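Following: one structure in structure tokens, then a few remarks.
Everything numeric in this text was worked out from a predicted model, so none of it was measured. Position 1 is the first residue of the sequence, and the numbers go up from there.
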Amino acid sequence: MDTEDPAKRMLGFLREYARKFLNSRLMDERRSLPPALVSDFAEVGLLGLQIPRSYQGQELSHSDMNRVFTQLGAIDANLAVLCVVQNTLGTPPIVLAANEAVKQDVLPRLATGRALTTSAISEPGIGSHVRGMDTSARRNPDGGYTINGAKKWISLGGDARYVNVFAKLHDEHGQPLGITGFLVDSRTPGFQVGPEMLTLGLRALPQYDLAFADLRVPASARLGDEGSGAAIAKTAFMAGRVVLAASTLGAAMRSLELAQRFATGRTIATGSMAENGRIRQILAEAGAAVQAVEELLARIAAWRDAGEDVPDAWYFCAKILGCELAWSAVDSALQVMAARGFLDTNTVGQHFRDFRLFRIFEGSTEAITVYLGTVMRRNPAGFLALVDRLRPGAEVRELAGQVAQLIADPPGDAAARHVHASVVGDLVCWTMMAMVTSGAAGRSPMHAYTALWAERQLRDRLRSAPYDLDERSLPTAAEFADHVGGFGEAIGDIDQKRWPAEEWRADPLLIG
């Protein structure tokens, strides 16, 4: 194998592995990964992509890591999420904030697949609102900590040996010290694994509930300083958002590849399906979306590999437009393939189901779009700095000026400001996308089409912004609740009885 280019070696491994050893349908039905997969992935370095070589990791560049995740996404979402969680949610907090003795002990085990890791941040009632968490930690007189609370939707939560648990810390006297992270060995007394979630997709890599009941950890388990947990968690989330987009990009590429094959071989009333004007338009627009995401991710990776600062807005844009556009391309491929696309035995159908989560995972599109818009509204100069950095052409700069004007004119009403923030967040993302694609327009005819397509998306959104912001006709929450309450007259009471599940408890007569 080519030891000089680890990314190339991994891509070759994954392509061969997909052809010879994987059965995504079987993984889906069994709700589990093949027993040998983790060790096979570990052997080639997929579980330690950016762990430093001094800890037996691969130390990949950001550009190469995106290539690997695009390949993983093209094959199977479960494989992508396994590696996303291990490499972006699990290991970075340890690399960034654990003490050296812990790094020396834990990181080689993670890099070589002798253990898995994840982060436990989400809770039943907080979603992506990290500062709203209820899980608590208290500093003990001996310098250690006791953790109590519950987490939800934790990927690898029931499988990881090491879990980065984030909690609100209090000192011995109950005084708050801020959110703090702890590296917890899941075999510690008080670490409890709850039920596996029965999700719509991503069935081979389940989500778990976790609970902590007077779980005690030593001082060495703390990640960084007391109160620094929010910043550490943010670092993990930001990196994860880029590779989620890269993974969805791979699924979109694979889906469009299959749709193009289908259209080329299919004859319809007008002749070759691939030559039908409307089908060409659908596929071309989906292809433009895919290429736009590819350019966006490449730009972010190039900056990071050069050691340049990347403003948070770019990571949010990657998550928002990367996952939305790439999943939309999967949807378009399914539509073109018609009944064959809807078959659950075909790759595109499973991509459609599995990657739907990526529009929610690590912050839903709606939540982070509103957040991005709110941040830009508070700091309009930050948006202008984004524009100046890429120095777009006159047409895109003129559109960016219109976006800046809209940012500077927020409404006074609270509900209207939520809508305004959403519109602003969306426009900021499309401005960045138009800038990135216009800079690549000269590379090929497809690049030129993609640049025009992205610019048109920005223009269309600017044109519709006044209508989106006019919430005068919007029903109140009470009015809409009353409207939905009336559905009962049309559909009746149809809540299904929850029949007893299979009995998994041990027979009491057999318990010693």
Side-chain angles (χ1 to χ4, degrees), residues 1-3 5-18 20-24 26-27 30-61 64-73 75-96 98 101-120 154-164 183-188 191 193 202 204-208 236 239-240 243 246-247:
M1 291 190 291
D2 184 0
T3 57
D5 186 345
K8 182 179 179 181
R9 170 168 49 83
M10 291 176 196
L11 296 181
F13 163 83
L14 286 169
R15 292 166 187 175
E16 182 178 24
Y17 203 81
K20 293 183 177 180
F21 303 112
L22 282 182
N23 186 329
S24 289
L26 204 57
M27 288 195 298
R30 292 178 174 175
R31 304 191 72 91
S32 64
L33 299 173
L37 186 139
V38 170
S39 60
D40 289 340
F41 273 34
E43 186 176 7
V44 78
L46 285 162
L47 301 183
L49 293 177
Q50 289 194 312
I51 293 176
R53 294 189 184 93
S54 57
Y55 302 109
Q56 301 181 41
Q58 300 299 309
E59 207 170 318
L60 286 192
S61 68
D64 280 344
M65 189 159 81
N66 282 355
R67 291 169 61 200
V68 170
F69 276 105
T70 297
Q71 183 67 70
L72 284 162
I75 296 169
D76 190 291
N78 296 282
L79 310 186
V81 172
L82 166 68
C83 294
V84 167
V85 173
Q86 176 84 353
N87 288 287
T88 68
L89 290 182
T91 58
I94 303 170
V95 172
L96 177 68
V102 170
K103 290 180 184 179
Q104 293 284 354
D105 178 42
V106 173
L107 289 176
R109 303 186 70 194
L110 300 178
T112 57
R114 287 177 285 152
L116 296 174
T117 183
T118 188
S119 282
I154 308 303
S155 301
L156 296 184
D159 307 297
R161 176 66 185 269
Y162 299 103
V163 180
N164 303 312
L183 180 60
V184 176
D185 187 325
S186 62
R187 296 181 184 177
T188 304
F191 188 102
V193 179
L202 210 67
L205 201 79
Q207 316 289 304
Y208 292 92
V243 295
S247 301

pair [X]-[Y]: side-chain heavy atoms closer than 4.5 Å:
X: Pro6; Y: Leu60; value: yes
X: Asp185; Y: Val163; value: no
X: Met10; Y: Gln58; value: yes
X: Arg161; Y: Leu116; value: no

Sorted by first residue and then second, give each side-chain hydrogen bond (donor to acceptor under 3.5 Å, both in side chains) pair with at least one member in residues 34-51; sequence neighbours left out.
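Every pair satisfying side-chain hydrogen bond (donor to acceptor under 3.5 Å, both in side chains) with a residue in residues 34-51: Tyr17-Asp40, Gln50-His62.
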Supply the atom-to-atom distance Tyr208 OH to Thr118 OG1, rounded to the nearest 0.5 angstrom.
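Tyr208 OH to Thr118 OG1: 11.5 Å, rounded to 0.5 Å.
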Taking all non-hydrogen atoms of both residues into account, name the closest pair between [X] and [Y] and its distance.
X: Ile154; Y: Ala120; value: CD1-CA, 3.7 Å
X: Pro34; Y: Met27; value: CD-SD, 3.3 Å
X: Met65; Y: Val243; value: CE-CG1, 3.8 Å

Please evaluate residues Leu22 and Leu37 with respect to the criterion side-chain contact (heavy atoms from CB on, under 4.5 Å), reporting the C-alpha separation (whole Å), side-chain torsions for both, the decisive distance (0.1 Å), and the verdict.
CA-CA 9 Å; Leu22 282 182; Leu37 186 139; 3.8 Å; yes
Check this for me: Arg30, atom CZ, are more than 12 non-hydrogen atoms of other residues, nucleotides or ligands nearer than 6.0 Å?
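Open.
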State whether a side-chain donor-acceptor pair under 3.5 Å links Ser155 with Gln207.
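The answer is yes; a qualifying pair exists.
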Residues that Phe191 engages under ring-ring contact (aromatic ring centres under 6.0 Å, His included), provided they are two or more places apart:
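With neighbours one apart ignored, the set is Phe212.
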Atom pairs and distances, donor-acceptor, side-chain atoms in residues 75-93, under 3.5 Å, two or more places apart:
from  : atom 1 : to     : atom 2 : distance (Å)
Asp76 : OD1    : Asn78  : N      : 2.7
Asp76 : OD1    : Asn78  : ND2    : 2.8
Asp76 : OD2    : Ser24  : OG     : 2.5
Asn78 : OD1    : Ala204 : N      : 3.0
Asn78 : OD1    : Leu205 : N      : 3.3
Gln86 : OE1    : Thr117 : N      : 2.9
Gln86 : NE2    : Leu47  : O      : 3.4
Gln86 : NE2    : Leu110 : O      : 3.3
Asn87 : OD1    : Leu49  : N      : 2.8
Asn87 : ND2    : Leu46  : O      : 2.9
Asn87 : ND2    : Cys83  : O      : 2.8
Thr88 : OG1    : Val84  : O      : 2.6
Thr91 : OG1    : Gln86  : O      : 3.2
Thr91 : OG1    : Asn87  : O      : 3.3

Can you check whether Ala7's main-chain N or O pairs, donor with acceptor, with Arg67's side chain at less than 3.5 Å?
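No, because the side chain of Arg67 does not come within donor-acceptor range (under 3.5 Å) of the backbone of Ala7.
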List in chain and number order the residues that pass side-chain hydrogen bond (donor to acceptor under 3.5 Å, both in side chains) with Arg15, two or more places apart in sequence or in another chain; answer none if no residue qualifies.
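Scan of Arg15 (side-chain hydrogen bond (donor to acceptor under 3.5 Å, both in side chains), adjacent residues dropped) gives Gln71.
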Does Ser186 have any side-chain hydrogen bond (donor to acceptor under 3.5 Å, both in side chains) partners at least two apart in sequence or in another chain, and if so, which?
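If we apply the side-chain hydrogen bond (donor to acceptor under 3.5 Å, both in side chains) test to Ser186, skipping adjacent residues, there are no hits.
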Contacts under 3.5 angstrom, residues 101-109 side chains, donor-acceptor by atom type, not counting sequence neighbours:
from   : atom 1 : to     : atom 2 : distance (Å)
Lys103 : NZ     : Val95  : O      : 2.8
Gln104 : NE2    : Glu100 : OE2    : 2.8
Arg109 : NH1    : Tyr162 : OH     : 2.5

